[in-house]
There are 2 protein chains.
Amino acid sequence: AVVTRSATRVYGVGDTAVLALDAVDLTVPTGQFLAVMGPSGSGKSTLLHCLAGLDRLTSGSVELGGTALEDLGDKELTHLRRREVGFIFQSYNLVPTLDARENITLPLDLAGRTVDGAWFDRIVATLGLGDRLDHRPSQLSGGQQQRVAAARALVSRPTVVFADEPTGALDSTSGAELLSFLRQAADEFGQTIVMVTHDPAAASYADRIVFLADGRIVSEMLDPDA
Amino acid sequence: AVVTRSATRVYGVGDTAVLALDAVDLTVPTGQFLAVMGPSGSGKSTLLHCLAGLDRLTSGSVELGGTALEDLGDKELTHLRRREVGFIFQSYNLVPTLDARENITLPLDLAGRTVDGAWFDRIVATLGLGDRLDHRPSQLSGGQQQRVAAARALVSRPTVVFADEPTGALDSTSGAELLSFLRQAADEFGQTIVMVTHDPAAASYADRIVFLADGRIVSEMLDPDA
Ligand SMILES: Nc1ncnc2c1ncn2[C@@H]1O[C@H](COP(=O)(O)OP(=O)(O)OP(=O)(O)O)[C@@H](O)[C@H]1O
Ligand SMILES: Nc1ncnc2c1ncn2[C@@H]1O[C@H](COP(=O)(O)OP(=O)(O)OP(=O)(O)O)[C@@H](O)[C@H]1O
Ligand SMILES: [Mg+2]
Ligand SMILES: [Mg+2]
């Protein structure tokens, strides 16, 4: 499960200070597919980064699988993330000097773990990347880069997958492929999925939707597709 | 008007060679709002970059306002673009060391032109950037960065505005604000708008939609909202 209590995140000081998260309480049970929606600037990416341990809260607590992130040093936090977390960034964050295949397996290579070949092939086929594995990010379209970022997060079959607008640059067909894959990750493998999206059609794949505004959860919906 | 004849663009050589545009013919009359749709990897960004003179065709011709881009050297092409073209990039391409205000006025500053203060304020208000002008790109959310990129393309009131997925990171409200602004740019100021989008709701603001697949125009639709 992913649990946060009274999560507050203030950016900067003085004139440019921004209260991006304002005492957010949220529990995502194991195996749930949660969608996070809200206007641009409402704190969605900040919430996702803090839940994944990629950013530290100003105050409040985060627990991933029962481990309190505040108790971990940077090195332990990195190891926990590499073992348990997959993250699809809003801006992809691919390594420009590696080709698509190397970008996808990078987290496993860094952790010294082997790649499950059949699983790698299945992800690449589902995301339509088969004939682009030798390309570097600059040789890929925007949507292809996004799909490489998604493949990277999914290939290690992490306990929790955080996805920040994963279908933003995808057409409806490739978007549906990725969303079905996330749905299956929750249903078949019990992975917890936390996905930020602006697209109600994407959110309808989730079990539950929380709505953010000005750094707070203002409403919630269960079974959006019921 | 924007006219291209037999536009072909091949990337790379050998194993990674890709035929991104395959003899595309397209005429966009002055003051038309054209949407370009198609699957991820179908050549939309490549077409937009070649029409705007940001990338050179492998063969074929492009005319902007009657000027053949092939006849221009790099310097003349840059001057033409600065005078006539606004471009909203799919990956925003903001300058990280400048704040939002400086990023928005950069094309005018580089061209030695003055900024129309009232017009600048109107664009900033429409795109909801008023309280973020002192922030640098790293201090902005994804959607806010996209809106700064949009403001930059619109502040010089160019003859042609090219927009690559301009609402990809925006919620429906800020997306509608930007699309209405582009619609008005065509209706009131006679600017030509060429917008790539995956979102049919965004495309419905346009006068005409062309559909790309594998580097070719495969179909077209007039008055999508009729
Ligand atoms: N520098 C490059 N070298 C090799 N291939 C490239 C290069 N840039 C783009 N491509 C390929 O050209 C094709 C068209 O790319 P383009 O970026 O125009 O697609 P797109 O329609 O904008 O896609 P998306 O909707 O994902 O942004 C893609 O298949 C891509 O892999
Ligand atoms: N480094 C920073 N310094 C100051 N303010 C920041 C910083 N990063 C983000 N912000 C601000 O915090 C707020 C929340 O940002 P966040 O990226 O979480 O929003 P978001 O909901 O993901 O938006 P979007 O849908 O546009 O991606 C925004 O108003 C933004 O301007
Ligand atoms: Mg965001
Ligand atoms: Mg593109």
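Atoms considered below: every heavy atom in the structure, side chains included; atoms not considered: hydrogens, waters and symmetry mates. Not measured: the values here are computed from a predicted model. Numbers restart at 1 for each chain; the letters A, B, ... are given by sequence-line order, proteins then strands.
Residue B:Arg183 places its CZ atom among more than 12 non-hydrogen atoms of other residues, nucleotides or ligands, all under 6.0 Å distant. With a 6.0 Å radius and a threshold of 12 heavy atoms from other residues, nucleotides or ligands, B:Arg136 has its CZ atom at or below the threshold. Counting heavy-atom neighbours within 6.0 Å of B:Arg5 CZ, excluding the residue itself, gives a total of 12 or less. For B:Asn93, the CG atom sits in a packed shell: over 12 heavy atoms of surrounding residues, nucleotides or ligands are nearer than 6.0 Å. In this structure, B:Asp25 places its CG atom where more than 12 heavy-atom neighbours from other residues, nucleotides or ligands lie under 6.0 Å away.
Between A:Gln139 and B:Val18 the shortest side-chain heavy-atom distance does not fall below 4.5 Å.
Note on B:Ser91, B:Gly128, B:Gly143: by heavy-atom pairs under 4.5 Å with chain A, the leading option is B:Gly143.
The interface of residues 191-202 of chain B with chain A, defined by heavy-atom distances below 4.5 Å, comprises B:His198. For residues 168-175 of chain A, the interface with chain B (any heavy-atom pair closer than 4.5 Å) comprises A:Gly168, A:Ala169, A:Leu170, A:Asp171, A:Ser174, sorted by residue number. For residues 32-55 of chain B, heavy-atom neighbours of chain A at less than 4.5 Å comprise B:Gly38, B:Pro39, B:Ser40, B:Gly41, sorted by residue number.
Using a 4.5 Å cut-off between heavy atoms, B:Gln144 touches chain A through backbone and side chain atoms alike.
Scanning for side-chain contact (heavy atoms from CB on, under 4.5 Å) contacts around B:Asp131 gives an empty result, with sequence neighbours left out.
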